[in-house]
Amino acid sequence: QVQLVESGGGLVQAGGSLRLSCAASGRTFSTYLMGWFRQTPGKEREFVARITWSGSTIVYADSVKGRFTVSRDNAKNTVYLQMNSLKPEDTAVYYCAAGGRGISAAAYDYWGQGTQVTVSS
């Protein structure tokens, strides 16, 4: 079992930056592939980024490539999402997820409660 708690969301102007954190409980955190997803009202949860347990393989959605950076610190049981050059279309609830594969939300076993990111124009 893994429990996930996101933090770091908020309101930022376009062009600004935020760093999201996802703190995990559970001794097996370091073995899990971790993902970040986002969701806006009425839409399906959208893949943002994922990182393998070692950090050796990272995948980004095309919409965030070059602006977002995912990283993890297994000693702290935490995964991060650094978001730069934010755009209004990045506004969403951001979720971290664990235990999955690929870029489909349905493939992940564990989810945090989400943190709101709002980018004003």
**OP:** Give the minimum heavy-atom separation between Asp109 and Gly99, together with the two atoms involved.
**Re:** OD2-O, 3.0 Å
Original post:
Taking all non-hydrogen atoms of both residues, which atom of Ser85 and which atom of Ser17 are closest, and how far apart?
Top reply: N-OG, 4.3 Å
Original post:
For Gln116, does the CD atom have more than 12 heavy-atom neighbours from other residues, nucleotides or ligands under 6.0 Å away?
Top reply: yes
Original post:
Out of curiosity, Arg45 CZ to Arg38 CZ, how far, rounded to the nearest 0.5 Å?
Top reply: 13.5 Å
Subject >> Heavy-atom pair of closest approach, residues Leu33 and Arg72 >> reply: CA-NH1, 4.3 Å
**OP:** Please name the pair of heavy atoms, one in Met83 and one in Val117, separated by the smallest distance, quoted to 0.1 Å.
**Re:** CE-CG2, 3.8 Å
**OP:** Could you please spell out the steps behind the side-chain contact (heavy atoms from CB on, under 4.5 Å) verdict for Asp73 and Tyr80?
**Re:** CA-CA 8 Å; Asp73 185 338; Tyr80 304 96; 4.2 Å; yes
Original post:
Are Val48 and Leu86 connected, step by step, through hydrophobic side chains (Ile, Leu, Val, Met, Phe, Trp, Tyr) whose heavy atoms are closer than 4.5 Å?
Top reply: yes
Subject >> Single-linkage hydrophobic cluster, 4.5 Å side-chain cutoff, Val79 and Tyr110 together >> reply: yes
Original post:
Leu81, Val119: one ILVMFWY side-chain cluster at the under-4.5 Å cut-off?
Top reply: yes
Original post:
Is the backbone N or O of Tyr94 less than 3.5 Å from a side-chain atom of Thr115, with the two atoms forming a donor-acceptor pair by type?
Top reply: no
Subject >> Side chain Glu6, main chain Gly114, donor-acceptor under 3.5 Å >> reply: yes
Subject >> Point-to-point distance, once rounded to the nearest 0.5 Å, from CG of Leu4 to OH of Tyr108 >> reply: 12.0 Å
**OP:** Over all heavy atoms of both residues, which pair between Glu46 and Ser63 is shortest? Give the atoms and the distance, please.
**Re:** OE2-OG, 4.0 Å
Original post:
Going only through I, L, V, M, F, W and Y residues with side-chain contacts under 4.5 Å, is there a path from Val64 to Val12?
Top reply: yes
**OP:** First locate atom CE of Met34, then atom CG of Asn77, and finally report the distance between them rounded to the nearest 0.5 Å.
**Re:** 9.0 Å
**OP:** Tell me whether Val59 is reachable from Leu20 by hopping between hydrophobic residues (I, L, V, M, F, W, Y) whose side-chain heavy atoms are closer than 4.5 Å.
**Re:** no
Original post:
How long is the gap from OG on Ser120 to CD on Gln13, to the nearest 0.5 Å?
Top reply: 5.0 Å
Original post:
If you take all heavy atoms of Ser21 and Thr78, which pair is closest and at what distance?
Top reply: CB-CG2, 4.3 Å
Original post:
What is the distance from atom OG1 of Thr52 to atom CD1 of Ile58, rounded to the nearest 0.5 Å?
Top reply: 7.0 Å
Original post:
Does Lys87 come within less than 4.0 Å of Asp90, counting only side-chain N to carboxylate O?
Top reply: no
Subject >> ring pair (Phe, Tyr, Trp, His ring centres under 6.0 Å) partners of residues 41-69, not counting sequence neighbours, each pair once >> reply: Phe37-Phe47
